[in-house]
Amino acid sequence: MSFLEVRNIVKYFDKQPALNNVSIEIGTGELVCILGPSGCGKTTLLRIIAGLENPDSGQVLIDGKDVTNLPPAKRSYGIVFQSYALFPNMTVMGNILFGLREKKGLTKTQRFQQACKSLKLVDLYEHRDKYPRQLSGGMQQRTALARAIALTPAFLLLDEPLSALDAKVRVKLRSEIRDIQRRLQVTTVMVTHDQEEALTMADRIVVMNNAVIEQVGTPKEIYDKPATPFVASFIGTMNFFRNSNELIGIRPENIEITNEPSSSEVAANIQTLEFRGPLTRVYSTISESEGQTSEICLDIPTGTAKQLCLEENGTLYLRMSKEHQITYETTAA
Amino acid sequence: MTTARLPQLLVLFICVVVFTTVLILPMFSLFSKAFMGKTGEFVGFANYLTYFNTPTLSASVLNTIDIAAWATVFSVTLGFLYAYALLRTRIWGKTFFKYAALIPIFIPTVVHALGLVYLFGKQGVVTRAGFFPFELYGRVGIILSEIIFTFPQAFLMFYIALEFSDGRLYEAADSMGVSGLKKLLRITLPELKFTVINAVFVCFTLAFTDFGAPKVIGGSFNVLATDIYKQVAGQFNFNMGAVVGTLLLIPAVASFTVDRLVNSQNASTLNAKATSYVTKQSHPRDAFFFLVCSMVSVFLLALVVMLFVGGFSENYPYNLSFTLKNFVFNASAGGMGSFVNSVFMAVLTAVFGTIFVFVYAYLLEKTSRGGALTKYGKLLSVLPLALPGMVIGISFIFFFNSSANPLNFIYGTVAILVVANVLHYFSVPFLTATGSLKKLDKEFESVSDSMNVPRWKTFLRVSVPLSLPAILEIFMYFFVNAMITVSAVVFLYSAKFKIAAIAITHMEEAGNFGQAAAMSLLILGINVCVRIAYEAAIKAIQRRKAKKEKVA
């Protein structure tokens, strides 16, 4: 049974749809990433789950209970914002105790112990007396996470939690967050525009575009069998070409190359070669019916490129096996 | 609307009701009086016809435009040059010049006039040295007073605008070999276009509606602000007073409209990458600007020096021996009590004004999608900008003095003075508060909501401490202005509760210059003290903040 569910959510901002009939089910202990380009409605969806926005219609259910009209405090979640929203006038400990003080059932010692526990979990116990601005970006992020989990929430909401960080810290924190989430087994919804983040962290990914859900699936499903051309091109790189009434997609890494043409290969005209270290990306064009061309790009090991003596304006033969081809109805394009 | 927001909507509703009561209803009384006869019957535009057909009255309109226009031309020009000197040249003594320019904001406009009398009056220092061939009392005196009054406003507006301009534009121009003059004409002035428009309107409106200076130095030169006082306080012709009151609103409403239009267009283009302007060496330029700044600041300092001379001498100019007797004020002007009353009123204004403005700004900021109530609340928040003090004063008489009004009991008490002051000086603090609140993370409330922390607790524990510099600035602004204001309160103070700025007016009119100067020094003294305390507090806050940001 799903723990968190949104049903047929519709939300308009000044006649502009932000969410158009969106439904998702999230299981207990799952980490679900909502992925999409900016303005697709993903943050609005998160804020509606949080009760910070009200939907025009539709329902939010937590553990089978309709919470659509409940205020944020009654929904029992912890939230981490992109800006962290740490109170700069309080220490790390002060930030965490700020919410714990509202738990009337706890004694002072219990509150303190609970705060210490969550600080140890994010490895910030030694830094508890520092102020947020004295911490690095990554530590601030962890403070926000500690604050969110200190109240032992039923679920976690993460709104672009890593976007404000340097690339290296971001990669490190991905696994840390994932690790903490697994240890606590807390149901988590994370909003991101970074596909790599979603692919590496999520149990399931919800891909959104233009206020609707394009596809829901595990990272592997999303990557290997993108349901729409949008998902295909938004996640990873996808080459498209036409074959009579169909639009065919194929990933660059699934194209094999050869110098010796036979009947199953397609001739491609090399436009540009882009050196990318171990790999070289080849941008080429292939001819379609009625004189039209499609651009196909592929990645080949730099060594192989050298062996084959590839050069711009040269010709290359591509083997695009049927099993790797994904077919879309042309109307979808 | 989720239930978490209900309490704050309720508070907003109460604030809006209060605001409507002290702003909209009195304005309504004012306008209805302007269209009524003596016995309360509707007469249409008859009062206006009478007004414009009475040459002694209608002449005031042209007089007022005349003095306001001259004051504006001088203030805006000098304000620009002065601000330019402080930010775009390499002259010495910038800190000194900056504080010298602010002197006039610490003293009532009647005192600017008093200083002028000491300098250029019949027994003035300059007149006695034979340098001032003009008749001070009348047009010239008013214009000079209004220049002193409005100069700091223009200066501050240009100062802020120049401070926030992007140095990269000048660097780009330099790389293309653009000449200095062209940079001034093509970059600086276009950037300041909106500031110039705003400054012109602000200075014009202030000079147009000022009461203090024309009252004591105007002689027989009538302006609208003195007319309204004569009609109401002298002849009890309330309907004619209301007519003049509505006329006083015209430039303020025009300025208000322009301000709205200009500010909606003038979205700041400054971003985080903007570099600060680097001033290059230029001796002729610096010499010119040093001269301008010196002349202005020496003149302003001379006014203060003359207050000291007048305040501490036996009988200026005949007997200059030192005395403190001027500080023993005549009982007819309220004695020392009027100064104490003023401080009391200023403290109340600052306390209640700060609380009201900050809470109001907070509520509007946090209920930004709250629907009709928020929209109406926003409208109310911008209206006081268009209200001259005289208009507030007269409309309060009409509204609160009516025996049918259940709020009639505040009439004649300090409460009505405080309400008038808060309303009169609402706009600038409101902008300060809003600006400060906008800088806070929007998600503080969201996080608190998720942790079940009530909004009022987040407000007190997070928003207030983080906005402390703005709150102190608002407090100081209310205090200083309540100490110096004459226009709004001149209609509303009672014989039992006299206040210092008005006492000065009476002393000057009675020719009691020594005591007037002494009282002015007291006001100047306490205002400067409050300012110093404010700056010390800001420094302390910054030190504490720096400590919290130092990486341990």
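Quick note on labels: first sequence line is chain A, next is B, and so on, each numbered from 1.
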Exercise. Any side-chain heavy atom of Pro88(A) within less than 4.5 Å of one from Phe444(B)?
Worked result: yes
Problem set entry | Min side-chain heavy-atom separation Val447(B)-Arg147(A) under 4.5 Å |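 With C-beta onward as the side chain, the pair touches.
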What distance do [X] atom [atom1] and [Y] atom [atom2] have between them, rounded to the nearest 0.5 Å?
X	Y	atom1	atom2	value
Leu52(A)	Glu445(B)	CG	CD	11.0 Å
Met451(B)	Leu97(A)	CE	CG	10.5 Å
Lys74(A)	Asp449(B)	NZ	CG	11.5 Å
Ser446(B)	Arg47(A)	OG	CZ	4.5 Å
Tyr131(A)	Lys545(B)	OH	NZ	13.5 Å

Problem set entry | Under 4.5 Å from any heavy atom of chain A - which part of Asn452(B) | both
Exercise. Does any heavy atom of chain A fall under 4.5 Å from the side chain of Arg461(B), the backbone, both, or neither of them?
Worked result: both
Exercise. Given that the side chain runs from C-beta out, which part of Leu86(A) has a heavy atom under 4.5 Å from chain B: side chain, backbone, both or neither?
Worked result: backbone
Exercise. Heavy-atom distance under 4.5 Å to chain B: side chain of Phe81(A), backbone, both or neither?
Worked result: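 It is the side chain, since no backbone atom gets that close.
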State whether the number of non-hydrogen atoms from other residues, nucleotides or ligands found under 6.0 Å of [X] atom [atom1] is greater than 12.
X	atom1	value
Lys457(B)	NZ	yes
Gln185(A)	CD	no
Lys117(A)	NZ	no
Lys98(B)	NZ	no
Tyr376(B)	OH	yes
Asn21(A)	CG	yes
Lys15(A)	NZ	no
Tyr534(B)	OH	yes

Please give me the minimum heavy-atom distance between [X] and [Y], naming the atom from each residue.
X	Y	answer
Val462(B)	Asn89(A)	CA-ND2, 4.2 Å
Gln134(A)	Lys547(B)	NE2-O, 3.2 Å
Asp441(B)	Ala85(A)	OD2-CA, 3.4 Å
Ser450(B)	Pro72(A)	N-CB, 4.3 Å
Ser448(B)	Phe87(A)	OG-CZ, 3.7 Å
Pro454(B)	Glu102(A)	CD-OE1, 3.5 Å

